[in-house]
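Have a look at the structure below, then the notes.
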Amino acid sequence: MTGPVPYWRLSAWYFFYFAFVGGFLPYFSLYLTAKGLDPWRLSIVMAMMPLMRTLSPAFWGPLADRLGHKARLVRNAMGLATFAFMGFLVADNFWWMVGVMLVMAFFW
């Protein structure tokens with residue numbers, strides 16, 4: 001039998017996840033607009049996230065089942081998503097932003 005459910009860790013996880021999503025989604029498009037993207041290109045960059053959130057579970061699910069270390073895989077993916085997000089700090093053109101969003105959303 002397993003130990004008690006890590007209530008506070010799980011609660012903190014969901015709190016920070018949804019705090020990030022609540023701050024990221026509405027304001028990130030404003031940031032990209034300030035970086036000079038027109039509405040058409042902005043929509044393409046932002047569309048990469050749901051695209052990867054549809055495709056990447058087909059990779060992550062079997063990998064997590066095969067490795068058996070689901071929590072470690074989630075932590076590593078979070079770190080890689082954070083690292084990939086830093087690419088937006090140096091992104092200066094449309095294709096770079098699309099690539100950074102694809103990589104970040106894949107690990108997210």
Side-chain angles (χ1 to χ4, degrees):
M1 180 167 210
T2 61
V5 176
Y7 175 75
W8 292 108
R9 286 191 339 204
L10 187 61
S11 297
W13 163 264
Y14 279 111
F15 173 79
F16 287 112
Y17 175 78
F18 286 111
F20 172 75
V21 170
F24 176 77
L25 289 179
Y27 296 111
F28 190 64
S29 60
L30 295 175
Y31 170 76
L32 294 176
T33 302
K35 295 273 281 190
L37 288 182
D38 61 343
W40 174 252
R41 291 182 178 192
L42 172 69
S43 64
I44 292 173
V45 171
M46 294 303 286
M48 295 302 109
M49 188 173 295
L51 174 70
M52 292 309 291
R53 290 184 66 128
T54 303
L55 299 176
S56 64
F59 171 78
W60 289 114
L63 181 65
D65 290 340
R66 190 171 318 128
L67 294 177
H69 299 289
K70 294 174 179 76
R72 186 183 320 163
L73 188 65
V74 168
R75 280 188 222 111
N76 290 337
M78 284 180 3
L80 290 169
T82 303
F83 183 71
F85 181 75
M86 290 189 287
F88 282 110
L89 298 174
V90 295
D92 59 351
N93 67 28
F94 168 69
W95 292 109
W96 179 258
M97 290 181 192
V98 169
V100 170
M101 183 62 89
L102 280 170
V103 172
M104 186 200 74
F106 177 76
F107 289 114
W108 183 1

Step-by-step side-chain contact (heavy atoms from CB on, under 4.5 Å) determination, Lys35 to Met97: CA-CA 10 Å; Lys35 295 273 281 190; Met97 290 181 192; 3.8 Å; yes
Donor-acceptor pair, side chain of Trp60 and main chain of Val74, under 3.5 angstrom: no
Shared hydrophobic cluster for Met104 and Trp95 (ILVMFWY, side-chain gaps under 4.5 Å): yes
Just list the side-chain donor-acceptor pairs under 3.5 Å for residues 17-26, sequence neighbours left out, or say none.
from, atom 1, to, atom 2, distance (Å)
Tyr17, OH, Arg53, NH1, 3.2
Tyr17, OH, Arg53, NH2, 3.2

Chi angles and distances behind the side-chain contact (heavy atoms from CB on, under 4.5 Å) call for Arg72, Leu67: CA-CA 10 Å; Arg72 186 183 320 163; Leu67 294 177; over 6 Å; no
hydrophobic_cluster_shared for Trp40 and Leu32, side chain cutoff 4.5 Å: yes
Parallel, tilted or perpendicular, as decided by the 30° and 60° cut-offs, for the rings of Phe106 and Phe59: tilted
Straight-line distance of Asp65 CG to Leu73 CG, nearest 0.5 Å: 10.0 Å
ILVMFWY cluster, Phe83 and Trp108 together (side-chain gap under 4.5 Å): no
Same apolar cluster: Met52 and Trp96, side chain cutoff 4.5 Å: yes
Value rounded to 0.5 Å, distance of NZ in Lys70 from CG in Leu63: 10.5 Å
Validation row, ring centre Phe88 to ring centre Phe28 under 6.0 Å: yes
With sequence neighbours excluded, residues passing side-chain contact (heavy atoms from CB on, under 4.5 Å) with Thr82: none
Co-membership, hydrophobic cluster, residues Tyr27 and Leu42, 4.5 Å side-chain: no
Minimum heavy-atom distance between Ala105 and Ser56, given as atom pair plus value: O-OG, 4.3 Å
